[in-house]
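Numbering of ligands and ligand atoms starts at 1, following listing order. Scope of the values below: all heavy atoms of this structure, side chains included, with no hydrogens, waters or symmetry mates. All residue numbers in this chain count up from 1 along the given sequence. Predicted, not measured: the structure shown is a model, and the values here were computed from it.
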Amino acid sequence: MVDIRRVFVIGAGLMGSGISQVCAQAGYRVWMGDISQDALNRAMKNISWSIQKFIEKGRLSESVETIMGRITPVINDYDVVSQADLVIEAVFEKLELKQEVFRRIDELAPPHCIIATNTSAICVTELAAVTKRSDKVLGLHFFSPVPMMEAVEVIRAMTTSDETFRIGEAFVRSIGKEPILVWKDIPGFIINRINLPSTVEAMRLVEAGVATVEDIDKGLRLATGRRMGIFETGDMVGLDVTYDALLSIYEKTKDPRWYPPEILRKKVLLGHLGKKTGQGWYVYDSNGNRLGPSRYYV
Ligand SMILES: NC(=O)c1ccc[n+]([C@@H]2O[C@H](COP(=O)([O-])OP(=O)(O)OC[C@H]3O[C@@H](n4cnc5c(N)ncnc54)[C@H](O)[C@@H]3O)[C@@H](O)[C@H]2O)c1
């Protein structure tokens, strides 16, 4: 078995920063790469804030400095991949971009290094296919917010070896999460496959004027015991992320169930991507506090 000590996370957005954080909390040496200095600065700030909150709640015993000291932000530099035992890719949900990143990592990473993708819905096998180590590629699908959510889907691509699958499972446990094993690389894996259709249905209800975003969220919280409504979750995840995930499942299956509703497409075109842009299904102030519903419903 590969002894994983050093992890390179590519993409320091919502997911990459959360993944870097939980790896550093578990004692791993982490490099966090991005093409944007702003994204890296934001990620370091958010991680440090989140670690502080965990310490205040008594859930972490190490100091912020100790944990942050394990994370090195790197801008536009893939060379450190040569020191990694595990790479976790968390760039935008675009097949060509992910394939380009996978090709570069494959060239630079040491032969034992495992390459994982955090894709929401892209076929892991299509990423494995552009490498010369397809047996060492798998999906590690984290959920948002990463420091809070306890499950991680471990996805077996058509080419993933038994050993890589086992290492992925063991790695997930080592960072204090529960692995959910996905034995076949199908579009949407398990959780999105179940959750996304209800998300689409909720959007269609709003589109048809049947109910408001707020009432649907309230109903889901109060009637189904969810901690957050569908639209509240959608704003945290990012409307662009949901749109790209739906489109990529639709392109694979050609099943109209997965076709993104027009309301979602328009919101994405308007740049209403959720909390990260200050407006999605709801509007937020600069500190991320929710002010009220967005008035652009239809
Ligand atoms: N948002 C969610 O809740 C969620 C949940 C599970 C999986 N995912 C998946 O995780 C991935 C990332 O999602 P996110 O929400 O963190 O996106 P995000 O937009 O917050 O962050 C993506 C980051 O990737 C960086 N990036 C783009 N090209 C790059 C490159 N070539 N090299 C290095 N960095 C690059 C961007 O600058 C950005 O900071 C996507 O595949 C998404 O589908 C997202």
- Distance-only side-chain donor-acceptor flag, H112 / D85, under 3.5 Å: yes

- Does some side-chain heavy atom of F142 sit less than 4.5 Å from a side-chain heavy atom of M149? no

- Query: So which protein heavy atom does atom 16 (O) of ligand 1 come closest to, and at what separation?
  - Reply: M15 N, 2.8 Å

- Item | Contact atoms of ligand 1, heavy-atom distance to S144 under 4.0 Å | 3 (O)

- Task: Using a strict cut-off of less than 4.0 Å between a Lys/Arg side-chain nitrogen and an Asp/Glu carboxylate oxygen, indicate whether D106 and R103 qualify as a salt bridge.
- Result: no

- Message: I'd like to know whether ligand 1 has F143 as a neighbour, heavy-atom separation below 4.0 Å.
- Response: no

- Does N192 use its side chain to pair, donor to acceptor, with the backbone of S120 at less than 3.5 Å? yes

- Task: Tell me which protein heavy atom sits closest to atom 28 (N) of ligand 1, plus the residue, atom name and distance to 0.1 Å.
- Result: I35 CD1, 3.5 Å

- Query: Going by the atom numbers of ligand 1, which of them fall below 4.0 Å from some non-hydrogen atom of K98?
  - Reply: 40 (C), 41 (O)

- Message: Would F231 and W281 count as a ring pair (Phe, Tyr, Trp, His ring centres under 6.0 Å) here? Give the steps.
- Response: CA-CA 6 Å; F231 295 105; W281 303 108; 4.9 Å; yes

- Message: Are any of the N/O atoms on S36, whether in the backbone or the side chain, positioned under 3.5 angstrom from an N/O atom of ligand 1?
- Response: no

- Can an N or O of L14 be found at a distance shorter than 3.5 Å from an N or O of ligand 1? yes

- Query: Can you tell me which residue and heavy atom of the protein come closest to atom 38 (C) of ligand 1, and the distance to 0.1 Å?
  - Reply: D34 OD2, 3.5 Å

- Residue G11 vicinity, atoms of ligand 1 by number, heavy atom under 4.0 Å: 24 (O), 34 (N)

- Item | Under-4.0 Å heavy-atom contact with ligand 1, by part of E100 that carries it | neither

- Message: Heavy-atom distances under 4.0 Å decide this one: backbone, side chain, both or neither, for L97 against ligand 1?
- Response: side chain

- Query: Atoms of ligand 1 less than 4.0 Å from I10 heavy atoms?
  - Reply: 32 (N), 33 (C)

- Do me a favour and list the nearest non-hydrogen protein atom to atom 21 (O) of ligand 1 with residue, atom name and distance? G13 CA, 3.2 Å

- Note on the structure: Note: V91, heavy atoms under 4.0 Å from ligand 1, region reported as both

- Item | Any A245 heavy atom less than 4.0 Å from ligand 1 | no

- Query: Does the N or O separation between H141 and ligand 1 drop below 3.5 Å for any pair?
  - Reply: no

- Just by modelled atom types, is the W31 backbone N or O under 3.5 Å from a matching donor or acceptor in the T72 side chain? no

- Message: Parallel, tilted or perpendicular: which one describes the rings of Y250 and Y259, with boundaries at 30° and 60°?
- Response: perpendicular

- Message: Main chain of Y282, side chain of D235: is a donor-acceptor contact present, judged purely on distance under 3.5 Å?
- Response: yes

- Message: Any donor-acceptor pair under 3.5 Å linking the side-chain atoms of K267 with those of S294?
- Response: yes

- Measuring from K254:NZ to I249:CD1, what's the distance to the nearest 0.5 Å? 13.0 Å

- Message: Any protein heavy-atom neighbour for atom 34 (N) of ligand 1 (distance below 4.0 angstrom)?
- Response: yes

- Note the single closest protein heavy atom to atom 41 (O) of ligand 1, along with its residue, its atom name and the distance in Å. E93 OE1, 2.5 Å

- Query: So which bit of V237 gets within less than 4.0 Å of ligand 1, heavy atoms only: side chain, backbone, both or neither?
  - Reply: both

- Query: Has ligand 1 got any nitrogen or oxygen that is less than 3.5 angstrom from a nitrogen or oxygen of Y78?
  - Reply: yes

- Query: Tell me: protein heavy atom nearest atom 10 (O) of ligand 1, and distance?
  - Reply: N118 ND2, 3.0 Å

- Side-chain donor or acceptor of R133 paired with backbone N/O of A109 under 3.5 Å: yes

- So which bit of A39 gets within less than 4.0 Å of ligand 1, heavy atoms only: side chain, backbone, both or neither? side chain

- Can you measure from CG (L239) to NZ (K266) and round to the nearest 0.5 angstrom? 14.5 Å

- Message: Cation-pi check for Y284 against R290: NZ or CZ below 6.0 Å from the six-membered ring centre and within 45 degrees of the axis, yes or no?
- Response: no

- Task: Would you kindly check if the NZ (Lys) or CZ (Arg) of R156 is within the cone defined by 45 degrees around the ring axis of F165 and under 6.0 Å from the six-membered ring centre?
- Result: yes

- Query: At what distance is the nearest protein heavy atom to atom 19 (O) of ligand 1, and which residue and atom is it?
  - Reply: F92 CE2, 3.2 Å

- Note on the structure: For S120, the ligand 1 atoms with a heavy-atom partner under 4.0 Å come out as 6 (C), 7 (C), 8 (N), 9 (C), 42 (C), 43 (O), 44 (C)

